[in-house]
Amino acid sequence: MAHDASFNPFQMARAQFDKSADLIGLDQGTRDLLRSPLREFHFSIPVRMDDGTVKVFEGFRVQHSDARGPAKGGIRFHPQETVDTVRALAMWMTWKCAVADIPLGGGKGGVICDPHNLSAREQEAICRGWIRQMNKNVGPVEDVPAPDVMTNPQHMLWMLDEFETIRGGRYPGMITGKPVGMGGSLGRTEATGYGAVYCLREALKELGIDVKSTTASVQGFGNVSQYAIELYHRMGGKVICVSSWNQAEQKSVSYYKPDGVDLAQLQAITDRFGGIDPAKARELGYEILPGEAWLDREVDILIPAAIENQITGANVEKINKRVKVVVEGANGPTTPEADAVLFKRGIFNIPDFLANAGGVTCSYFEQVQCNMNYFWERDDVLNKLDAKMTAAYHSVSDLARNKKLYMRDAAYVVAVNRVAAACRDRGWV
Ligand code: NAD
């Protein structure tokens, strides 16, 4: 994936928070408390590699806030991981859980490593080492990790096993994103993509647009994107362009088909990292275009669902004048500079920590099911998810309409107010 070393997500997260603190008129003490993580852990994980040498990996856990409940957030394995990325993501988790109105705070973790170059045994050792460092500070009532970029249900199960071995008991609510049958929840795989489309459905209703008359362009073709496309197609919409990262050529590529992409056909030519094969796509009649072409298509809806920092001051003007809605499946895809342009152009934005809250909401359901040791049917999970996401969407859009706020600002006002109230009610500030 392309990484822009000059982009600092924590600075962006703080700028967004400062703006909302000004809007609310937040007192200085609460502002200072929420501008920085409540606590952070930086540690070394020694691992005996397959060749017999010992390699030391750098690990992090940032707990931004646990005012509304145990910290919650994924653990990312990435070679370019930085503590500022983890801090930003932890802060966004706080707002996400608050806007979804689930009783959890915000956290995030990471390890600087590249799973592409690690055997399964080495990855297991990193997972177990991470828990050895953090076991005193994570747990069902302290901080509940989950998968993120390049970590998966197997990693979560290794972490749980290490935790339970150290603690000497069974604590399935200590971590989420586990395999179904080993404490995982049905519906978790679909949850983020579906959640984004539940929000989109509500937005289109409010805007008076029939979903069946709409077309969309999507950035990314991984977990979030594929399930978002699946549900949007079932609702009658048509995706005409999808982009993904081409690992061989180290660049992004857009795949364009004006009469609509075929989801199953594209899935059949996609690798497990969400990279589409350009040669096979060309054979199937897709036009192969530069990576950024997804952004300037003549569509009603844009769904950035890849990585952060994708709609920026440098490219926002390329957005076609037909575009009415941007649904942020990814975390942090739009910079504050681009936000200002979207707002000016009247493009309706469904901001990241609202649009992609379906994943953590379902993780919360997973924890609830684990704690009561009773597992729900898939339809039960998805119906509960729809109800939560729909309520979250309306709490934000009602405020945006009544106070004439940009949707991101309204989402921040809702979330920051809830977290600030918890800090105040606890007597912290
Ligand atoms: P994924 O790894 O399954 O897929 C990522 C996709 O993005 C891949 O298709 C990859 O090829 C593509 N991509 C990467 N860089 C790109 C670029 N420069 N241009 C175009 N495409 C590019 O990841 P995911 O789980 O679908 O997550 C996507 C985003 O959603 C991330 O920002 C993630 O933090 C966020 N998110 C995910 C979840 C979840 O439950 N999976 C929950 C909340 C937020």
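As the structure lists them, so they are numbered: ligands from 1, and atoms in each ligand from 1.
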### Message
Quick one about Arg188 and Ser363 (side-chain donor to acceptor, distance below 3.5 Å, no hydrogens or angles considered), yes or no?
### Response
yes
### Query
Hey, is ligand 1 close enough to Phe221 that some N/O pair sits below 3.5 Å?
yes
### Query
Which bit of Glu190 gets closer than 4.0 Å to ligand 1, counting heavy atoms only: side chain, backbone, both or neither?
neither
### Message
Counting only nitrogen or oxygen atoms and a 3.5 angstrom limit, does Gly359 reach ligand 1?
### Response
no
#### Entry: Ion pair Arg201/Asp386, N-O distance below 4.0 Å
yes
### Query
Is ligand 1 under 4.0 Å from a heavy atom in the side chain of Gln219, in the backbone, in both, or in neither?
side chain
### Task
Test Lys96 against every option in Ile102, Asp352, Asn356 by the side chain to side chain contact (heavy atoms under 4.5 Å, CB included) rule and name the one that passes.
Asn356
### Query
Is any NZ, NE, NH1 or NH2 atom of the basic residue among Glu40 and Arg87 found under 4.0 Å from an Asp or Glu carboxylate oxygen of the other?
yes
### Message
Working note: Glu292 + Asn315, criterion side-chain hydrogen bond (donor to acceptor under 3.5 Å, both in side chains); need CA distance, chi angles, decisive distance, verdict.
### Response
CA-CA 9 Å; Glu292 247 182 31; Asn315 66 17; 3.2 Å; yes
### Message
Counting only heavy atoms closer than 4.0 Å, does ligand 1 sit against the backbone of Met93, its side chain, both, or neither?
### Response
neither
#### Entry: Residue that, paired with Tyr406, satisfies ring-ring contact (aromatic ring centres under 6.0 Å, His included) out of Tyr412, Phe348, Phe343
Phe343
### Query
Purely on distance, is any nitrogen or oxygen of Val224 under 3.5 Å from one on ligand 1?
yes
### Task
Tell me which part of Thr192 gets within contact of ligand 1: side chain, backbone, both or neither, using heavy atoms under 4.0 Å.
side chain
## Note on the structure
Closest to atom 25 (O) of ligand 1 (heavy atoms only, candidates Leu89, Asn223, Asn152) is Asn223
### Query
Does an N or O anywhere in Asn356 fall below 3.5 Å from an N or O of ligand 1?
no
### Query
What do you reckon, does Lys96 have a nitrogen or oxygen under 3.5 Å from a nitrogen or oxygen of ligand 1?
no
### Task
Nearest heavy atom to atom 8 (C) of ligand 1 wins, so pick from Tyr227, Trp245, Trp92, Phe273.
Phe273
### Contact atoms of ligand 1, heavy-atom distance to Arg76 under 4.0 Å
34 (O)
### Query
Between Trp95 and Phe17, does the ring centroid distance fall short of 6.0 Å?
yes
### Query
Do the two ring centres, one from Tyr171 and one from Phe163, sit under 6.0 Å apart?
yes
### Summary
If you compare Ala330, Gly358, Ala306, Gly222 by their heavy atoms, the one closest to atom 28 (C) of ligand 1 turns out to be Ala306
### Message
Test your reading of the structure: does Asp148 have an N or O sitting under 3.5 Å from an N or O of ligand 1?
### Response
no
#### Entry: Within the 6.0 Å centroid threshold, strictly below: Trp130 and His155
no
### Message
Counting only heavy atoms, tell me which of Ala355, Ala357, Ser244, Ser252 gets closest to atom 19 (N) of ligand 1.
### Response
Ser252
### Query
For the residue pair Phe221 and Tyr255, is the inter-centroid distance of their aromatic rings smaller than 6.0 Å?
no
### Query
ligand 1 versus Trp294, non-hydrogen atoms closer than 4.0 Å: side chain, backbone, both, neither?
neither
### Heavy atom of Ser243, distance to ligand 1 below 4.0 Å
yes
#### Entry: Candidate pair Glu308 and Asn331, rule side-chain hydrogen bond (donor to acceptor under 3.5 Å, both in side chains), full reasoning
CA-CA 6 Å; Glu308 63 281 346; Asn331 286 314; over 6 Å; no
### Query
Does the distance from a Lys or Arg side-chain N to an Asp or Glu carboxylate O, for Asp18 and Arg31, drop under 4.0 Å?
no
### Query
Hey, are Arg282 and Glu287 close enough for a salt bridge, meaning a charged N less than 4.0 Å from a carboxylate O?
no
### Message
If we set the cut-off at 4.0 Å for heavy atoms, which region of Ala191 has an atom near ligand 1: side chain, backbone, both, or neither?
### Response
neither
### Task
Please determine if Asn331 has a nitrogen or oxygen closer than 3.5 Å to a nitrogen or oxygen of ligand 1.
yes
### Atoms of ligand 1, numbered as shown, that sit under 4.0 Å from any heavy atom of Ala305
28 (C)
### Message
So is Gln226 touching ligand 1 or not, going by heavy atoms under 4.0 Å?
### Response
no
### Task
Could you tell me which atoms of ligand 1, counted from 1 in the order shown, lie closer than 4.0 angstrom to a heavy atom of Arg188?
40 (O)
